[in-house]
Amino acid sequence: GSQAAAPPALGIKRAGGGTGRGYIAQMSCLNLLFTPRSAEDPDTALEYRKVLLQLREALEKDHHRLETQEATILAQRIREYLANLRSSPEALGLSLTPWLSVQAELGDKLRGQKTNNLEA
């Protein structure tokens with residue numbers, strides 16, 4: 001197991017902004033923030049992160065086709081890619097948050113509503 005005092009790995013953060021219990025792994029791709037459920041320990045969060053990175057690799061290979069498709073097509077691809085990794089959105093407790101960079105205008109990102117409905 002992991003020691004409680006160990007810092008989270010890159011791409012993993014403490015839940016609740018560092019004050020909560022658990023760990024959160026996140027990944028950004030196609031202007032979406034992918035977030036699985038909170039993990040109880042850093043090792044589980046790291047496993048989630050590995051799956052997310054493999055998912056990102058698959059999505060980026062297909063991004064030119066996916067960017068012009070409806071959300072239902074993207075959701076289908078996410079399910080297919082995760083199935084190839086022996087996982088699913090439900091197994092990960094996956095949620096998506098759309099975001100748009102407005103760094104030049106506002107110095108930040110605009111985030112949409114977080115949802116676990118991949119077709120939204």
Side-chain angles (χ1 to χ4, degrees):
S2 294
Q3 297 176 1
L10 185 63
I12 297 172
K13 63 182 183 177
R14 291 294 301 253
T19 61
R21 296 178 55 125
Y23 297 84
I24 298 173
Q26 294 182 316
M27 178 271 293
S28 185
C29 181
L30 300 176
N31 283 32
L32 292 168
L33 182 63
F34 291 71
T35 309
R37 75 174 54 85
S38 177
E40 291 187 24
D41 58 79
D43 291 339
T44 302
L46 187 57
E47 289 304 312
Y48 289 167
R49 176 82 174 150
K50 288 177 184 178
V51 170
L52 291 176
L53 292 176
Q54 290 174 317
L55 173 62
R56 179 170 63 192
E57 184 178 327
L59 290 171
E60 285 179 345
K61 287 180 184 175
D62 219 8
H63 84 277
H64 60 282
R65 288 186 291 170
L66 293 174
E67 286 181 339
T68 61
Q69 299 297 317
E70 294 182 20
T72 53
I73 301 297
L74 177 59
Q76 179 182 345
R77 292 293 182 267
I78 290 170
R79 289 183 188 284
E80 289 171 2
Y81 295 143
L82 287 175
N84 288 340
L85 298 171
R86 293 181 172 82
S87 190
S88 70
E90 295 76 18
L92 292 172
L94 189 63
S95 63
L96 304 177
T97 306
W99 66 270
L100 180 64
S101 177
V102 287
Q103 191 70 35
E105 297 84 357
L106 301 175
D108 205 351
K109 297 175 187 165
L110 290 177
R111 296 184 199 281
Q113 186 172 0
K114 184 177 183 177
T115 181
N116 61 0
N117 178 356
L118 300 185
E119 286 81 14

After noting the C-alpha distance and the side-chain angles of T35 and Q26, does the key distance pass the side chain to side chain donor-acceptor pair (under 3.5 Å) rule?
CA-CA 5 Å; T35 309; Q26 294 182 316; 3.2 Å; yes

Step by step, work out the salt bridge (Lys or Arg N to Asp or Glu O under 4.0 Å) result for R79 and E90.
CA-CA 10 Å; R79 289 183 188 284; E90 295 76 18; 3.0 Å; yes

Check the pair V51, L92 against side chain to side chain contact (heavy atoms under 4.5 Å, CB included), reporting the backbone distance first and the verdict last.
CA-CA 9 Å; V51 170; L92 292 172; 4.0 Å; yes

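A heavy-atom distance below 4.5 Å is found between the side chains of T44 and Y48. The closest side-chain heavy-atom distance from L74 to L59 is below 4.5 Å.
L33 and L55 are not part of a single hydrophobic cluster, where members link through side-chain heavy atoms under 4.5 Å apart. A chain of hydrophobic side-chain contacts below 4.5 Å, direct or via other Ile, Leu, Val, Met, Phe, Trp or Tyr residues, connects Y81 to L32. Under the 4.5 Å side-chain heavy-atom criterion for Ile, Leu, Val, Met, Phe, Trp and Tyr, L85 and L96 are members of the same hydrophobic cluster. The hydrophobic clustering, which links ILVMFWY residues whose side-chain heavy atoms are closer than 4.5 Å, places L82 and L30 together.
In this structure, R56 fails the cation-pi test against F34, since its NZ or CZ atom is not both closer than 6.0 Å to the six-membered ring centre and inside 45 degrees of the ring normal.
No side-chain donor-acceptor contact under 3.5 Å links R49 to the backbone of I24.
When all heavy atoms are compared, the tightest approach of G22 to S38 is CA-OG, 3.8 Å. For the pair A25 and I12, the tightest heavy-atom approach, listed with the atom from each and the gap, is CB-CG1, 4.1 Å. What you find for Y23 and R14 is that their closest heavy atoms are CE2-CD, 3.0 Å. Closest approach of A75 to E119, counting heavy atoms only: CB-OE2, 3.5 Å. The two residues Q113 and P98 come nearest to each other via the heavy atoms O-CD, 3.5 Å.
For the side chain to side chain contact (heavy atoms under 4.5 Å, CB included) test with L52, the passing option among P36, C29, S28 is P36; the others fail.
Between the CD atom of E80 and the OG atom of S88 there is a distance of 13.5 Å, given to the nearest 0.5 Å.
Heavy-atom neighbours of E57 CD from other residues, nucleotides or ligands within 6.0 Å: at or below the threshold of 12.
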